[in-house]
Amino acid sequence: MSVFHLIIFICFLLSISYLVFLTSASWCTPSAFPQQTTRQFEQRTDRFWEFQEESNIWVEVKLPFDLVSCVNDNCTKVGLIDQKSKTEEEHLANGKDVSNKTKNLKMREGDLTGLEENSYTVLPLRRRMSLTKMSDTSVWVTGESGSIYERFWNGVQWVIAPHDLQISAGRAVSVLIVNQTIFAISEEGNLYQMKLTDWVELKPAFNQSTNKEAEQSSVIQMKSGTVSYDGLRVYFCTKTGLLLELSEVEPPRWENHGRPPGADVAAIADMARIRTDLVYTISSTGDLYEYDKSSRPSWKKHLQSEETDKDGSLVPLQGCMIYGLSGDHSVSLFLLTKGGKLVERRLHQRKWKWITHGSPEDHHLTSITPLLEDELKERFFSLFLTTSTGSVFEYQIPKHLGTAQEDQISEAWQNHMHPPNAKAARGIPGLKFQLGRILFALDDGRLAELHLPGLGGQNSGPTNQFNRKKLSSKYIWSILDAPESEGWNGEYCTEERGPMNCIAGIKDEPNDSGNIRSLTRRRKGTKAQQDYLSLGTSRSRLVKASEEYRFPDNWINTSFRLRLVQAGVSFFIITEAGLIFEYLYAESVWLWLRHDHSTPMRGALGNYNGSVFFVDVYGTLLIRERSNNELAWVNCTAMRKGRQIIGGPPWDGMSSKLKVTAEDALFFVSKSGRLLQFSVALRKFKWKDCHNPPETKLACIIDQEVFRENIVFVVGRNGRLYQYNKVTELWHEHHQSQHLVLSRLPGTAMRPSFFSLTGSLFMLSEDGGLVEYHWNAWNGWNWVEHGTPSKDVTLVAPPSPCIKGNQLFLIGSDGNIYLRYMDQLIWRWKNCGFPQNGDGDTRDQTEMGANDRMQEVCMDNDPTANLDINLENPNDQNRKCDPKVAPTRPIPFSEDSVIFELRDGRLAEIQKVQDSKWVWQRIIGTPTSSCKGCYLTGLAS
């Protein structure tokens with residue numbers, strides 16, 4: 001009987017499986033799928049947004065809206081978005097609610113007046129910025145560039161001391177200070193310990209009794225670290241999700257605490273103050289874990305409530321722990337959710353519970369500033385939190401809260417906003433280094449201090465005692481400068497005696513006459529905040545100046561006709577016909593080499609490591625370089641993301657750098673007025689679009705990293721000065737009076753010493769005058785208008801390179817060159833005329849430097865002296881020779897000589913023989929000059 005029932009059961013199973021197979025097969029028939037080829041785009045809304053790259057925000061468009069596709073600056077219409085019918089719109093509008101945040105995000109197209117105040121632009125993450133307190137007189141900072149520097153109070157003022165990792169270690173992301181021992185974590189995850197003045201790599205080593213998982217990995221990469229409250233141990237979070245502990249420094253003692261079961265350690269939220277072996281961590285999935293090595297099991301998971309789960313999982317960031325908030329033995333751990341809300345994990349009467357504190361309306365919280373030890377004795381606590389848009393909020397929590405906490409949330413948030421023309425960095429916690437004084441990293445690379453009036457700022461040192469009752473409860477902002485590594489103007493301290501000494505500053509020092517002379521360098525904070533303007537905040541706009549300006553036809557050729565390759569040996573010249581010639585000194589002979597190309601050239605835009613960058617008549621960027629003992633051309637515009645360009649850096653400043661880095665790049669201006677970065681280091685060519693200020697297109701580059709490392713100064717087509725920061729990728733506008741309109745010509749930088757940031761940018765104004773933009777540590781930025789050499793002369797060409805830090809040449813409309821030099825702290829003009837050569841002899845006069853006719857010395861007393869000769873003499877057989885100077889940008893030929901182009905196509909070299917005494921050294925005949933001459937030519941191959 002049992003065998004019979006078994007047979008019947010098997011047959012039943014076979015029939016059921018066959019039926020299921022047939023049913024499944026019917027689902028897989030092709031006719032069941034919709035026909036994809038017949039589907040059409042169906043518009044279900046009338047609201048569309050367009051992303052504006054210039055301002056980095058989404059802007060709602062007005063319908064009908066043309067869909068335009070642009071390839072290589074050639075734009076064509078490919079479609080149209082039209083309005084829907086009213087019935088469909090009403091149908092879709094039912095049940096839909098548009099939030100206030102979306103309404104606030106709307107901005108009329110082209111309206112930039114309220115951009116600064118009403119912008120909801122989400123800032124980028126700055127993953128290398130950090131702030132670490134060593135003492136009341138020392139704060140260690142890692143910048144976005146990966147540099148490490150210390151803000152130290154030397155008794156007189158705050159100074160900046162560099163502590164960068166060695167080049168091979170890469171960039172730093174954080175600094176930890178454990179029992180007076182300083183550690184740094186690199187971007188690659190390596191740990192370094194400072195011994196004396198050098199960084200030494202410290203590799204974790206574990207005992208055999210520890211978890212084998214760490215030993216199996218040959219390289220342990222650190223992600224972040226947190227120091228215990230007693231300052232004696234540090235916990236690390238690795239990139240693989242392990243929790244490590246360094247309990248002793250000398251000798252190092254490591255412990256591997258592993259990871260939670262089925263999870264990892266993405267961040268260390270906080271540690272208990274009473275029990276140093278109790279650690280709270282957050283996993284990459286956003287769960288809270290508690291590690292206690294004295295209990296079993298060591299790892300415990302804190303489950304989220306339904307209310308907190310609605311706000312999203314936790315963000316793997318540092319939190320803040322407060323004791324005694326709701327009772328003498330209560331513990332509160334404040335954390336952030338991925339939805340930007342503030343939540344609390346509270347332990348009270350031996351029970352854990354979650355409390356949601358929320359966030360300010362329409363704001364997304366990104367970091368929490370830990371409290372000071374002294375604040376735990378206050379009657380209420382203040383948490384300072386940053387938002388994704390760069391604002392800072394204060395959340396006040398009184399002690400021993402009752403059940404009515406949720407009713408007080410709307411009144412507890414206080415908006416401190418952000419400093420003028422700057423925003424707090426997203427996701428970077430602030431640093432409370434004293435009561436009433438909080439440091440924040442800014443998105444533009446600088447620092448800012450939020451402090452009570454009279455208690456902080458750039459000129460205020462550590463405050464030991466103060467009357468809290470007399471202090472105002474209103475905070476104010478002060479911007480603190482960052483070093484040049486971040487693209488800013490903070491000068492490093494020195495070992496010299498004075499106020500900038502790295503150890504102990506001296507405020508006053510008697511001079512030779514016995515008087516006390518103050519050497520303290522202190523800038524006014526308000527002045528520093530007004531120098532740099534956020535884009536869209538300028539009150540002096542030139543209406544449609546960017547659109548109305550048109551470049552002259554020969555703009556590229558006159559600005560970039562000449563280019564130096566090697567000082568005293570070689571330079572290039574581009575002729576009016578687009579031919580390329582190189583003037584080369586080889587085997588004791590000067591000769592001209594012709595470099596042929598299929599298309600005519602317009603200018604030579606750059607020189608890097610012996611390779612010269614040219615632009616042709618179509619805007620194509622080309623490299624002339626040597627490959628396998630042969631000269632070759634490389635088309636850069638044809639590379640990925642390549643663009644057509646019209647200009648480049650005026651001077652090749654990178655040749656003055658002491659080291660070559662992997663970040664070396666040249667900057668160019670595209671035909672569409674955007675700034676382009678072209679990486680050239682190690683021949684890893686790469687284009688990057690740096691955009692342009694939203695209110696104008698770019699005209700030209702004034703300076704690239706000669707005056708300031710990591711900064712490119714440019715002039716917009718509206719005649720205003722801007723700068724681009726390579727590190728933060730941010731644009732700033734410089735304060736400029738409304739009546740001052742700059743010309744659209746390249747400028748030059750004058751920096752007398754690379755050990756000091758003091759110097760100037762020299763440009764021409766639109767009316768042909770010389771303009772200086774000067775910076776020093778005392779007064780910050782200041783505009784100086786030098787005007788013209790005389791009333792009848794205007795300046796018609798870009799300035800020459802800076803000579804010896806205090807001299808530069810300008811070309812006048814009368815064909816003379818004028819020297820602008822500083823004599824005993826006073827700027828003076830000197831007329832150097834043009835090279836005199838009445839007989840028209842245009843041979844290469846290198847050996848004729850002693851000829852009296854070529855020794856025309858610049859004159860001091862009569863700047864308007866007429867040095868011209870009668871070039872229209874009918875008996876002169878060489879009437880086509882015109883030795884006056886052409887309006888072509890000159891180039892340096894050596895440290896004390898400059899090359900000019902003459903109106904007849906020849907070249908002339910002027911050389912310095914004394915401090916401010918210059919003589920015309922020689923005239924160089926060129927292959928295309930209208931004045932006859934003798935020279936050697938050849939074809940480069």
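Counting from 1, the numbers follow the sequence of the chain as shown. These numbers come from the heavy atoms of this one structure, side chains and all, not from hydrogens, waters or symmetry mates.
For Phe614 and Trp633, the ring centers are positioned less than 6.0 Å apart.
Cation-pi geometry between Arg708 and Trp488 is not met at under 6.0 angstrom from the ring centre and within 45 degrees of the axis. Cation-pi geometry between Arg563 and Trp651 is not met: the NZ or CZ atom fails to fall both under 6.0 Å from the ring centre and inside 45° of the normal. Annotation: cation-pi pair Lys830/Tyr821 present, NZ/CZ under 6.0 Å from the ring centroid and within 45° of its normal.
Salt-bridge check for Asp882 with Lys884: failed, with every basic side-chain N at 4.0 Å or more from each acidic carboxylate O. Ion pairing between a basic and an acidic side chain is recognised when a charged N comes within 4.0 Å of a carboxylate O; Glu663 and Lys726 show no such pairing. Under a 4.0 Å N-O distance rule, the pair Glu484/Arg751 qualifies as a salt bridge. Taking 4.0 Å as the cut-off between side-chain N and carboxylate O, Glu766 and Arg744 count as a salt-bridged pair. Salt bridge Glu695/Arg720: absent, no basic N to carboxylate O contact under 4.0 Å.
If you check the side chains of Asp792 and Ser790, you find no donor sitting under 3.5 Å from an acceptor. A donor and an acceptor atom, one from each side chain of Ser897 and Gln911, are nowhere located under 3.5 Å apart. If you check the side chains of Ser753 and Ser756, you find no donor sitting under 3.5 Å from an acceptor. Trp918 and Gln807 share a donor-acceptor pair across their side chains, judged by distance under 3.5 Å alone. For the residue pair Ser611 and Asn609, no side-chain donor N or O sits within less than 3.5 Å of a side-chain acceptor on the partner. Judged purely by distance below 3.5 Å, without hydrogens or angles, the side chains of Tyr608 and Asp664 pair a donor atom with an acceptor atom. Judged by distance alone, the side chains of Thr928 and Glu576 never bring a donor and an acceptor atom under 3.5 Å apart.
Looking only at side-chain heavy atoms (C-beta outward), Val715 and Ile701 stay at 4.5 Å or farther from each other. In this structure, Cys931 and Arg906 have side chains that are in contact, with non-hydrogen atoms separated by less than 4.5 Å. Residues Asn710 and Glu705 are in side-chain contact: their nearest non-hydrogen atoms beyond the backbone lie under 4.5 Å apart. Looking only at side-chain heavy atoms (C-beta outward), Leu621 and Leu676 stay at 4.5 Å or farther from each other. Inter-residue side-chain proximity for Leu795 and Pro789 is flagged as met; some heavy-atom pair is nearer than 4.5 Å. You'll find the side chain of Pro752 stays beyond 4.5 Å of the side chain of Lys804, heavy atoms only. Under the 4.5 Å side-chain criterion, counting only non-hydrogen atoms from C-beta, Met822 is not in contact with Arg828. Using a 4.5 Å heavy-atom cutoff, the side chains of Val712 and Gln723 are not in contact.
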Just do the side chain to side chain contact (heavy atoms under 4.5 Å, CB included) check on Thr926 and Leu907 with the steps written out, would you? CA-CA 7 Å; Thr926 61; Leu907 303 177; 3.8 Å; yes
For the pair Phe560 and Trp555, evaluate side chain to side chain contact (heavy atoms under 4.5 Å, CB included) and give the outcome as yes or no after the intermediate values. CA-CA 8 Å; Phe560 300 98; Trp555 184 88; 4.1 Å; yes
Could you give me the CA-CA distance, side-chain angles and deciding distance for Phe707 and Trp775, then say whether ring pair (Phe, Tyr, Trp, His ring centres under 6.0 Å) is met? CA-CA 10 Å; Phe707 187 74; Trp775 189 93; 7.9 Å; no
Report the C-alpha distance between Val615 and Ile646 in whole Å, list the side-chain angles of each, state the deciding distance to 0.1 Å, and finish with yes or no for side chain to side chain contact (heavy atoms under 4.5 Å, CB included). CA-CA 8 Å; Val615 58; Ile646 61 172; over 6 Å; no
Take Asn725 and Ile711 through the side chain to side chain contact (heavy atoms under 4.5 Å, CB included) test and state the conclusion after the steps. CA-CA 5 Å; Asn725 191 315; Ile711 294 295; 3.8 Å; yes
The test is side-chain hydrogen bond (donor to acceptor under 3.5 Å, both in side chains); show your working for Gln644 and Thr620 and say whether it passes. CA-CA 5 Å; Gln644 294 177 327; Thr620 304; 5.3 Å; no
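The main-chain N or O of Asp481 is never found under 3.5 Å from a side-chain atom of Glu486 such that the two would form a donor-acceptor pair. Looking only at distances, a side-chain donor or acceptor of Ser929 sits under 3.5 Å from a matching main-chain atom of Asp904. A donor-acceptor pair under 3.5 Å links the side-chain atoms of Trp783 to the main chain of His735, judged by distance alone. Although no hydrogens or angles enter the test, the distance criterion places no donor-acceptor pair under 3.5 Å between the side chain of Thr599 and the main chain of Asp616. Side chain of Trp592 to main chain of Gly925: a donor-acceptor pair is present (N/O by atom type, distance under 3.5 Å, no hydrogens or angles). Asp703 places no side-chain N or O within 3.5 Å of a backbone atom of Thr748 that could act as its donor or acceptor partner. Between the side chain of Arg889 and the main chain of Ser559, a donor-acceptor pair closer than 3.5 Å is present.
His732 and Tyr532 have perpendicular rings, their planes meeting at more than 60° on a 0 to 90° scale where under 30° would count as parallel. Between Phe668 and Phe613, the ring planes are tilted. Angles from 30° to 60° get that label. Using the six-membered ring where Trp is involved, Phe571 and Tyr583 have ring planes that are tilted, between 30° and 60° apart. Between His734 and Phe713, the two ring planes are tilted [angle within 30° to 60°]. Between Phe762 and His786, the ring planes lie tilted relative to each other; the angle falls in the 30° to 60° range.
Taking both residues in full, the closest heavy atoms of Arg717 and Thr696 are given as N-OG1, 3.3 Å, listed atom of the first, atom of the second, then distance. Nearest heavy atom pair, residue Leu721 against residue Gln736, reads N-OE1, 3.0 Å. Of all heavy-atom pairs between Ile574 and Ala604, the closest is CG1-N, 4.0 Å. For Phe678 against Cys636, the heavy-atom pair with the smallest separation is CZ-SG, 3.6 Å. Contact detail for Pro799 and Leu808: the closest heavy-atom pair is CB-CD1, 3.7 Å. Heavy atoms only, all atoms of each residue included: Ile891 and Val898 are closest at O-CG1, 3.3 Å.
A distance of 9.0 Å separates CH2 of Trp829 from OH of Tyr818, quoted to the nearest 0.5 Å. Annotation: the span from Asn692 atom CG to Tyr722 atom OH amounts to 9.5 Å, rounded to 0.5 Å. Within the model, atoms OG1 of Thr558 and CD1 of Ile556 stand 9.0 Å from one another, a figure rounded to the nearest 0.5 Å. For the atom pair CH2 of Trp827 and CD of Glu772, the computed distance is 5.5 Å after rounding to the nearest 0.5 Å. Distance check: Ile899 CD1 to Leu564 CG gives 9.0 Å after rounding to the nearest 0.5 Å. In this structure, SG in Cys832 is found 12.0 Å from CD1 in Ile811, a value given to the nearest 0.5 Å.
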